[in-house]
Amino acid sequence: MLKANADVRRMLIVSNRLPFTISEEGGGLTLKESGGGLVSGLSSYLDSLKTSSGKSKYIWVGWPGTTVESDEAKEQLKSIASADFSAHPVFLSEEDMENFYLGFCNKTIWPLFHYFPSYARYNNEYWEQYKKVNEIFCEALMEIIKPDDVIWVHDYHLMLLPRMLRDKMPDVPIGFFLHIPFPSYEMFRLLPRKWGTAILEGLLGADLVGFHTHDYTQYFMRSVLRILGFDHNMGQIVAHDRVIKADTFPMGIDFSRFHNAALSPEVLQEASELRYAVQIGSRVRDEGVELFPHPTPSPYTEGVKVVLSIDRLDYAKGVINRLEGYEAFLEDNPDWHERVVLSLLITPSRIGVEDYQRTKQQLEEVVGRINGRFGNMKWTPVLYQYKSLPFEQLVALYVVSDVALITPLRDGMNLIAKEYIASRPDKTGVLVLSEMAGAAKELGEAILINPNSKEEIAEGLREALEMPVEEQKRRNGTMQNRLRRYDVVPWAEDFIQQLKNVKETQARFDTKRLSSSVREQMRADYERARRRLIFLDYDGTLIKFVKDPQQAYPPTEVTDLLGRLASDRKNEVVIISGRDKETLQRWFGDLRIGLVAEHGVWIMPQGEGWRMIKPISNDWKPRILPILETFTDRLPGSFVEEKEFSYAWHYRAADPEQGPLRAKELLDHLVDFTANIDVQVLQGSKVIEVKSAGVNKGTAGMFWLSKDEGSKTEDSKHQVSTFVLAIGDDWTDEHLFMVLPESAYSLRVGITQSYARFNLRQQGEVISLLDELSRHSSAFSHESSSMGVSL
Ligand code: GDG
């Protein structure tokens, strides 16, 4: 069984980059741990996945960050990566990376998913390369994967991988987590349809798809509905033949790592030096305790404050807006001149993408403008660094900063905001945070601003700088408690636990799934039976649904199959449908089978004419029709089908979101309206039926079943009398399932709760099952018809 802490199963973590950088020293390769949110975040969780003997129970699979040419170097790297980092490298050439990483990942997906559609390039070569690299990852995984492994795929570089793996490993647990926003449908649909479809299908190859916020999860499910047509119920999606879950897991940080580092002597020393270096004051206060006595008095006034800004170089991080907000703040608040500095740290990133280089130039221009405009010999308003700092220096920056100003235009989560709060052991400091960052959903006590408004940034900054210490502590205390509780280990454990739950849900459905042993038994019972009664629903059971029900006439494959079954004289085949009797007559009239129309209003035993089981009236029809017509007018793509004793309001061809809403409204309306009329209102698959009460598929089925009572004979040897099989796909078939004898084989198509004894995953399985039975008919029973019970 898959356990949350995975001490039984091995975990394969798959991400674009492995958590180290490679350098060549003395002719050999040296691997050094690299930073980054995912890496630093996950490492403490992964540490918990060690056996008692210290052996890792995980393998990290990804690109090692550089092109490795020779086979010898590849082997060397493989063995060092495995020994030192428990990692398995995926080798990619520079050309692979060009169109894949710099291309599709960072010029198509990244801008689009961060709401920069004008930056997005739609280049077919990028797409082809994206597919190819996902395949390369799949092959690399197949080299090491074992059936008992748990796979956790990370981020937008590998959205096709879950499906590719699923095709090769149908049962292996696969989780996928997206670290960036999933955009709204309007943005996602900008992708060419073929790509968008493949990406969604790719993700649905996983068992669990996770996002940082509820909005991203909802947007994903909306795209799945609108593009693939799969609806969801509380995040559970039944796609093709599997249950998949989409859910929200706001990623946590390694809280104590930052918190403890902020108290460590090395970091405090570093912070003290920083404070001295920027000459902004002589002390960091920890509830009144002086931590850093300063050797010389500061040239600045006592109250000088540091405002922190740290980001990877990225246009989505909103650094230019931030600088403009800071500029507006300095403009509006001359009293703050010389009393505040903005410490701007930009970490190099995606060097080869032009949009990033442009962003760098622009932001450097604005830094120059602000310093030139407001600065003087004593004061540099923006202290700018373009580099990556070691961990201790990073935390030291968090420690010395009175305010963190984080204003991304879009950000999946933003870990810097969380790390800043965690690195304030005395609970002072103020976080000014963009409401466009996923982190804003959890950090409501921060000053939330809209990053598109420099006025809001300026005002937020002023409020932060003037916030009383008690208020700072109150807010940070609440945020720290939250971040401490749901830090990265519970986050990862929660994800893996949910993955386990999905697997259990799938297994529950699988227990009702027609297994090969039950199928074997069914075949044996079928063969031995003296008489066989086979009830088959039509739409969704014998054929797939189509948008226009009149186009759903039976293909030859189906009529041939029914003909074959019916030609065995032991068999009585009954099509039991909601359709009108004329259509059924036209389509199946030539076959030697029984028919039931309008959900049981009309029956036609084989070789006889149509008749009603009991007299029913249709006086109610003129009152119902106007209601249905009104709803038809209001929902393009819907229409009313009139039958003798019923109406069907179809909405399969309507908008997939609006359709169910209107259907619910109509249903409520009809239930109220028909309270005193002798009709029943049924909800089928994308159809609402109103029909005369008193008959249903169950009452119709009873007609054939009760005939059987009179003719019951038991084979003395096998104790088998009538073999009853019923297959249907929607809840109108449940009426039939309910009246069947216990020994009957009742099968519901689709993964859903049912009175049926067994589930078939998809419509195609109905055909193969009947085909198999019909071949048994032809092999064993045709010529023995004289032995059968006469029908
Ligand atoms: C993506 C999503 C989401 C930064 N500079 C230095 C440094 N860092 C570390 C920080 C932090 C990480 O890098 C940055 O994480 P972010 O969350 O801010 O942003 P992305 O890199 O864009 O990450 C983002 C994240 O994935 C996780 O799901 O939150 O929305 O875009 O951990 O500490 N670390 C060191 N020196 C630096 O100079 N040592």
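For ligands, and for the atoms within them, numbers begin at 1 and follow the listed sequence.
Between T347, D155, L389, it is L389 that holds the heavy atom closest to atom 35 (C) of ligand 1. When the options Q393, E419, H179, H154 are ranked by their closest heavy atom to atom 11 (C) of ligand 1, first place goes to E419. Within the set H212, K418, R312, M251, the minimum heavy-atom distance to atom 22 (O) of ligand 1 is found for R312. In this structure, of L397, D411, N414, V395, the residue bringing a heavy atom nearest to atom 31 (O) of ligand 1 is D411.
At least one heavy atom of W110 sits less than 4.0 Å from an atom of ligand 1.
Atom numbering of ligand 1 starts at 1 in the shown order; those under 4.0 Å from a heavy atom of G412 are 30 (O). Heavy-atom contacts of K317 reach the following atoms of ligand 1: 18 (O), 19 (O), 20 (P), 22 (O) (cutoff under 4.0 Å). Heavy-atom contacts of M413 reach the following atoms of ligand 1: 3 (C), 24 (C), 29 (O), 30 (O) (cutoff under 4.0 Å). Ligand-side atoms of ligand 1 in range of I416: 10 (C), 18 (O), range being under 4.0 angstrom from any heavy atom.
Checked against a 3.5 angstrom limit, the closest N/O atoms of L415 and ligand 1 fall inside it. Any N or O atom pair closer than 3.5 Å counts here, and F258 shares no such pair with ligand 1. Considering backbone and side-chain atoms together, L394 places no N or O closer than 3.5 Å to any N or O of ligand 1. Between H114 and ligand 1, no N or O atom pair is found at a separation short of 3.5 Å.
With hydrogens and angles disregarded, a donor-acceptor distance shorter than 3.5 Å links the side chain of D155 to the backbone of H179. Looking at K418, its side chain does come within 3.5 Å of a backbone N or O of M251 through a donor-acceptor pair. Between the side chain of Y115 and the backbone N or O of S184, at least one donor-acceptor pair lies under 3.5 Å.
For the atom pair F177 CZ and I13 CD1, the distance stands at 12.5 Å (nearest 0.5 Å).
Considering L342, L345, L323, V367 as possible partners of Y384, the one that fulfils the side chain to side chain contact (heavy atoms under 4.5 Å, CB included) test is V367. Partner of D207 under the side chain to side chain donor-acceptor pair (under 3.5 Å) criterion, out of K500, K245, R166: R166 alone.
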> Would R322 and S309 satisfy side chain to side chain donor-acceptor pair (under 3.5 Å), going step by step from the backbone distance to the final call?
Replying inline: CA-CA 9 Å; R322 190 170 323 169; S309 162; 2.7 Å; yes
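No side-chain donor-acceptor contact under 3.5 Å links Q361 and Q357.
Geometrically, R257 engages F391 in a cation-pi contact, judged by NZ or CZ lying under 6.0 Å from the ring centre and within 45° of the ring axis.
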